[in-house]
Structures are given as structure tokens and as C-alpha cells.
Amino acid sequence: MLLFDDYWKKIFESIQSAYPEVTEGDIALDKSGHCDLTFRAFQVMKKRGLSPDAVFSKVKETLGSADFIEKIESVGGYVNFTLKPKRLMEAIWKEMEGTNQYPDTFQDPERVSVEHTSTNPTGPIHIGRIRNSIIGDSLARLIARYGYRVTTQYFVNDSGRQVASLYAGYRKFVKVDKPTAYDLLEGYKKATEEMEKGTGMNDEVDQVIRDYEKGEPSTIEGIKKVCSIILDSINTSLSNLGIKIDDYTWESDLIRTGDVDRVMEDLEEELQDEDGAKYLMSNGRKMFLTRKDGTSLYFSRDIAYHLYKFQNFDWLIDVLGENHKEHAGHIEYVTKSLLNQEHRLDFVFYSYVSLETGKMSTRKGQIITLDELYDRAMEESFKIVKGKRPELPDKKLKEIAAGVAVSAIRFHILKLNSNKPMVFKWSEALNLEGDSAPFVMYSYARASSIMRKLENQKQSVGLEYNKEEGSLIRQMYLYPYVLVESLKGLKPENVANYLLELTRKFNDFYTNCPVINAATEEKERRVLIINAYRTIVKDAASIVGLKILEEM
RNA sequence: GGGCCCGUGGCCUAGUAUGGAUAAGGCACCGUCCUUCUAAGUCGGUGAUCGUGGGUUCGAAUCCCACCGGGCCCGCCA
């Protein structure tokens, strides 16, 4: 839960006391530059047959004396409120002074699970999958910022057909002593080719699945070994982006512990049989839980996984590719309607990333790995910093380049509304100007640079503010509302877009409001503004995973 | 064939959930500003019938219907 002086709510409640039919949506942030908040009185006027003047007088009567309002105006059917920047600055400062954050957070006991990535361990992670990781990780950070206890989770598929073919391919084709994820991927590609040709490879894979579910020791050991190699590689790549997953659940463990069998028992009354294979009807479709040879399918394992999560968490969030939409609907139906789970369950979907040349395909070698993207982003940003700051030592340059690279990648991928299909272009991913992470980071670095020159400078809430100061303060004040909206819609990209907006406002301030050579009162209030700005940027940046640098 | 998602200047996007005031940015292009706190920046300019056609409404990028174009799904795969 977030704590701050909510003037929006105060205005809403006052107006509602005068006109009970008014909803929160009737009070809105102004987008047109007329004011800060506006009351759209059209409905009230129509319903009650009132003139704009009549509504205006009434509103003025209830709110006219509020100490945080600078002026109230009537324009057409709008009642426009301009808030006092001084009050907004005080509201920000009040929270920041004690806790060093705005807004303050009240810890919530609810435990939240955010499952993300969960990609099949069949090769190095590519840039399509990291859309999942980046959305999931940012979402987890957002929810934690809100005060929930968050655990990030990865469901490791080590028991499906893909992994069985990976292992069969490894046994047959990979002749390296200590294979890397890239070696294993080669074996997987060959195995898939063989299977497409219709050779005996298919039978080998079936046998692997049966052996694995029976608990045959050498198969178990072998599969765990290859999966672990790939999982390690995925984790190393993700750690370059600052992403760490807290909890891994292996599908095979759910089979061995009997959790999957228990799902079958719990659902017994719903199950139907077709040649020995078990299915249930969900939304008019046959959803199979086992094959005719009795081995389990993803659906039953995923139900077991969700039951495990329901036991340990109050709120489950799954980040899934849009191809899982139907599957998610079935999971929801089974766990909620058939198995009576009551805790909250939400899904966040994202559309696929493709290349300019078309879809990504692991088997055709049509992928860009995260490692490749990271290396090229590193190279590009190093070149740029080196050009701009030739006086800095290589170690420092590298540090800055790494910060820029991670931030640029995360920001570029997160910024886009997750429903939109994304076509990956190098020129856009590596563009470090305009609406990008470095744009945000650079402004922060300039703010920090000013502060370095003003150590021990006294700061204070000022008396009056000019235009640029006022609109920066207003933008900062709005931060909690962005967090609320972002959480409500499970849209961490809102925070990224807010950062861009905030940065534009700061740049306005920076170019128009000198600090170091300002007169005393002016200097003191501007220092406070800069400190508030830096606090909020750091806060928002840590949610979307930007690496904030004091110098760049 | 059925279902879900997306369509906003040449290119990439914000705004759509809860309809509201001249549709907000970036890239590219043209021009401006480093003897004031970092030019990864700033300011100005060119450029949009918000996919198309209907409808609802005082008011539609936003809601409804139809159509067009793109993505995804409709496996004893995951």
C-alpha cells in the first residue's frame, strides 16, 4: 500500500459530497495545459439541468477554501483546478524526508508469486523469450515496491517431448566432454531433423519419456545434467540484465512426489477415457492430461504446479506468451471451478518478437540470442562513452557501458505495450538517443553532477515557483498515481513511459533554471527539487531495471 | 472455418481499461544553441482525414457492428 497526500482523492470526495452521482473518472488529470485536475461536469449538468455557472459555484463553495488549491475556474462544462506547487512539493518532501522515498510504502503481508521466463531448457535464451523475463522481472519489482512479498518463479520443463528430444540428441550426436548450451542446441537441432524425417528417433524419444517418468536412474541423471547446463546458461545471460529468479520448480519433481497423480485423483469425476488417455472437457474442448501410455502431459503438470503455488501464495501472476492464452483459460477453469482454489490468479500476456526477416526459429538458426544482443549493446555503448569521455580510464568506461547496455535493452523491450507484436531491429535496439534509457540516465547524471558541486548545500521548500519548476514538481507529485495505475493494469511499461515524461520535464527545468549561480532562496528550493527528482528517478528506474549512474 | 490480440505522420511508439478541451513523443530530414551546472542534451520547422465504412453520443483514437491487413491459438506438443 502506498502512502502520500492524495489531493486527487480529496477533490473527488468533496465533489461527490455535493453530487453523489459523480464517479472517480469524472475527475481527471488535465492533458490540455489548462490546469492540473479537471472535473468534467457534463453528466451532472445534464442530469440535473444545471448551468456550468451553477455547478461552478457549488464546487467553489465546497472546495474554494482548500489550502492546496491555487485557483478554480469554469470553462465550458469543465471545472478546472490548479494546485499549489508549494503544497505538492511539501507533499513529496514530507514522505521523502523520513523514508527517503516518495511515496512511502506500507508493508502488506500478502505473498505474491510472479512466474516468468519458464522457457524450455533446450538452448540459450533468445530475444523473444527475454520479453517474458523483462516484463516479469519488472512486474515483480513493481509489486514489491507496492509492499507485497514477492517471489519470482521458474517452471522448469524437464519432462516434455522437447527435453526428451534434447537428451536423445545429446546422447547420439554431441561428442564433446563438457558440452555448452550451444553444443546441446546443435544436438537438439539434429534430433529434431531426424524426427521430422520419421526415423527411429521418435521411438527413442518416447522411450526416454517413459524411462524418465518411471524413475530410471541413468535417464534421470542424464536429463537433469543437460537441463542444468542449459539452465545455468540461461541464468548467466539473464543475470547480465539484472534478472534473478528466486525459485525453480522442476516438472519431474511434481511427477515423482505424486502431485501430478493427486491432480488425477482430485479430478477423477471429470475425467474421461480415450484409448487409455485421460482428458476432461473445458470450454467445449477435450483437454488431455495423460497419454495412452500413461505418461503425463503439460496440462496436468501445470495444474499440479498451480496447486503448489496456490498453497504457498495469496496471489499468483503468470507471464505468458500469447500462444498460451487458451491454455491459461483452461488452467483457470480447472483450478478455480473444479478444484475450488480461491486465491487470486492473473495472467499477463505478451505478443511475439520477430525479426525483420521473419519469425524466429531455433531449428533454422534464425534467432538472436540474448548473449549476442548484450555483447553488441556493450560494444556500441563502449564506443560512444569512449568518444564522449576519452579522459576516463577503461575500467570506468566499461562500467558505464555495461550500465547503459543493460538499461537500453530492458527499456527498449519493456517500453512497448506488451500486447503489441514486436519486430526487433538492431538500429532501434542500439539507438541510445531520444526515447531511450540513456536519455533518462543522462539527465539523472547531470542532476548528480550539480549536486556534487553543491555539497552540504542547504535546501528548502520555496515560496514561489516558475513555470518549469512547477511542471516538474507536478510531474513528480504524480508518481504514486502512476504506480497505482501500473499495478492495477499489471503494466510495468507505464513506469517506463512515466520516466520519459519526467525526464522531459527535468530537461526543461535544467535548461531554464540555473542552480549553482542562483540567489540563495532560489538555489535552496532548486536543490530540493533536484533531490526529489533524483529520488524518484532512482525509484522508478529500479522498477524497470535501469541502472542509474552518477556519472556518464 | 471459429476464437483472442494488434493497426495512430515516411519509420517506431504514448494515449484506448473509466469517451471530454488545439492527438503527445522519438527516429529520419531541414535549421538553432557548447565563455552558465555533462550537446547521450536544447529550441524551432516539415510531416496525421488515428486501417476502412457505418452506428451510439452534446462530444469518439477511445464504445458498438461490419469489413480489410498483420500476429497468435484451435495436438495423446509445450
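Contacts of M552(A) with the nucleic acid, taken as non-hydrogen atoms under 4.0 Å apart, include base atoms. Among the heavy atoms of the strands lying under 4.0 Å from K453(A) are primed sugar atoms or P, OP1, OP2 only; no base atom is included. Within 4.0 Å (heavy atoms only), G489(A) reaches no atom of the nucleic acid at all. E274(A) comes within 4.0 angstrom of a base, heavy atoms only. Contact annotation for R285(A): backbone-only contact, meaning every heavy-atom pair under 4.0 Å involves sugar-phosphate atoms and none involves a base. When heavy atoms are screened at a 4.0 angstrom cut-off, R161(A) is found touching the sugar-phosphate backbone but no base atom. The residue N80(A) sits close to a base: some heavy atom pair falls under 4.0 Å. Base contact: I450(A) has a heavy atom under 4.0 Å from a base atom. At a threshold of 4.0 angstrom between heavy atoms, the contacts of Y78(A) include nucleobase atoms, whether or not backbone atoms are also involved. In this structure, F349(A) reaches neither bases nor backbone, as no heavy-atom distance under 4.0 Å exists between it and the strands shown. If you check every strand for non-hydrogen atoms under 4.0 Å, G434(A) touches sugar and phosphate atoms only. Using a 4.0 Å heavy-atom criterion, one finds that D26(A) contacts no nucleic acid atom at all. Contact annotation for K325(A): backbone-only contact, meaning every heavy-atom pair under 4.0 Å involves sugar-phosphate atoms and none involves a base. Looking at heavy-atom distances under 4.0 Å, Q43(A) makes contact with a base.
For the 3.5 Å distance criterion, the side chains of Q459(A) and N531(A) qualify, holding a donor opposite an acceptor. A side-chain N or O of S159(A) and one of E251(A) form a donor-acceptor pair less than 3.5 Å apart. A donor-acceptor pair shorter than 3.5 Å can be found between the side chains of H306(A) and D318(A). If you check the side chains of D26(A) and Y19(A), you find no donor sitting under 3.5 Å from an acceptor. There is a side-chain donor-acceptor pair under 3.5 Å between Y352(A) and N323(A).
Of the candidate nucleotides rA14(B), rA78(B), rA40(B), rA14(B) has the atom lying nearest to any side-chain atom of N417(A). The side chain of H34(A) sits closest to rU22(B) out of rA39(B), rA40(B), rU22(B). Between rG26(B), rC12(B), rA39(B), one nucleotide has an atom nearer to the side chain of K388(A) than all others, and that is rA39(B). Side-chain atoms of K46(A) lie closest to rU57(B) of the nucleotides rU57(B), rU18(B), rA78(B). With rU18(B), rA21(B), rG25(B) as the choices, the nucleotide that has an atom nearest any side-chain atom of D435(A) turns out to be rG25(B). Nearest to the side chain of E433(A), among rU36(B), rC6(B), rA40(B), sits rA40(B). Of the candidate nucleotides rU36(B), rA39(B), rC43(B), rA39(B) has the atom nearest to the side chain of R446(A). When the nucleotides rU36(B), rA78(B), rA21(B) are ranked by their closest atom to the side chain of L297(A), rA78(B) comes out on top. In the set rC76(B), rU36(B), rG41(B), the nucleotide with an atom closest to the side chain of A277(A) is rC76(B). Listed nucleotides rU42(B), rC58(B), rC6(B) differ in distance to F439(A); the shortest reach to its side chain belongs to rU42(B).
Taking atom CG of N419(A) as the reference point, atom C1' of rU62(B) lies 15 Å away to the nearest angstrom. Per the geometry, CZ belonging to F411(A) stands 12 Å off P belonging to rA14(B), to the nearest Å. The separation between H327(A) atom NE2 and rC4(B) atom C1' is 16 Å, rounded to whole Å. Separating the CG atom of L320(A) from the C1' atom of rC73(B) is a distance of 13 Å, rounded to the nearest angstrom. Distance, Y350(A) OH to rC6(B) C1': 16 Å, rounded to whole Å. Atom CD in E493(A) sits about 8 Å away from atom P in rA14(B), given to the nearest Å. Residue N497(A) contributes atom CG, which lies 11 Å from atom P of rU16(B) at whole-angstrom precision. Nucleotide rC77(B) holds its P atom 12 Å from the CE atom of M287(A), rounded to whole Å.
Note on K190(A) versus E194(A): no salt bridge recorded, every NZ/NE/NH1/NH2 to OD/OE distance being 4.0 Å or above. Between K415(A) and D435(A), no side-chain nitrogen of the basic residue sits less than 4.0 Å from a carboxylate oxygen of the acidic one, so the salt-bridge criterion is not met. K197(A) and E193(A) are not joined by a salt bridge, as no carboxylate oxygen comes within less than 4.0 angstrom of a charged side-chain nitrogen. Using a 4.0 Å cut-off between charged side-chain N and carboxylate O, R452(A) and E551(A) make no salt bridge.
For the pair K420(A) and rA14(B), the criterion of a side-chain N or O lying under 4.0 Å from OP1 or OP2 is met. When the side-chain nitrogen and oxygen atoms of K31(A) are compared with OP1 and OP2 of rA14(B), none of them lie within a distance under 4.0 Å. Look at R291(A) and you'll find a side-chain N or O under 4.0 angstrom from OP1 or OP2 of rC77(B). When the side-chain nitrogen and oxygen atoms of N157(A) are compared with OP1 and OP2 of rA78(B), none of them lie within a distance under 4.0 Å. The phosphate of rC43(B) (OP1 or OP2) has no side-chain N or O of R504(A) nearer than 4.0 angstrom.
The gap from the C1' atom of rC27(B) to that of rA14(B) amounts to 15 Å, rounded to the nearest Å. For the C1' atom pair drawn from rC11(B) and rA28(B), the interatomic distance equals 8 Å after rounding to whole Å. Using P as the reference atom, rG19(B) and rA61(B) are 14 Å apart when rounded to the nearest Å. One P atom belongs to rA24(B), the other to rG70(B), and the distance between them is 31 Å to the nearest Å. Comparing the P positions of rA17(B) and rG3(B) gives a spacing of 23 Å, expressed to the nearest Å. On the P atoms, rG75(B) is 36 Å away from rU52(B), given to the nearest whole Å. Comparing the same atom, P, in rG69(B) and in rC43(B) gives a spacing of 43 Å after rounding to whole Å. On the P atoms, rU62(B) is 13 Å away from rC6(B), given to the nearest whole Å.
In this structure, F42(A) forms no aromatic stack with the base of rG59(B), since the conditions of centre separation below 5.5 Å and plane angle below 30° are not both met.
A glycosidic torsion no more than 90° from 0 defines the syn conformation; rC43(B) lies beyond that range and is anti.
When Watson-Crick and G-U wobble pairs are counted only if both distances are under 3.5 Å, rG1(B) pairs with rC74(B). Across all strands shown, rG45(B) is found opposite rC29(B) as a Watson-Crick or G-U wobble partner, with both distances under 3.5 Å. Across the strands present, rC34(B) finds no partner; the criterion is a Watson-Crick or G-U wobble pair with both atom distances under 3.5 angstrom.
Across the interface with RNA chain B, nearest-nucleotide mapping of N323(A) and K425(A) shows K425(A) to be the residue nearer the 5′ end. Residues L416(A) and C35(A) both approach RNA chain B. Their nearest nucleotides, taken by heavy-atom distance, put L416(A) toward the 5′ side.
Exactly one residue among F506(A), Y510(A), Y479(A) makes a ring-ring contact (aromatic ring centres under 6.0 Å, His included) with Y533(A). That residue is F506(A).
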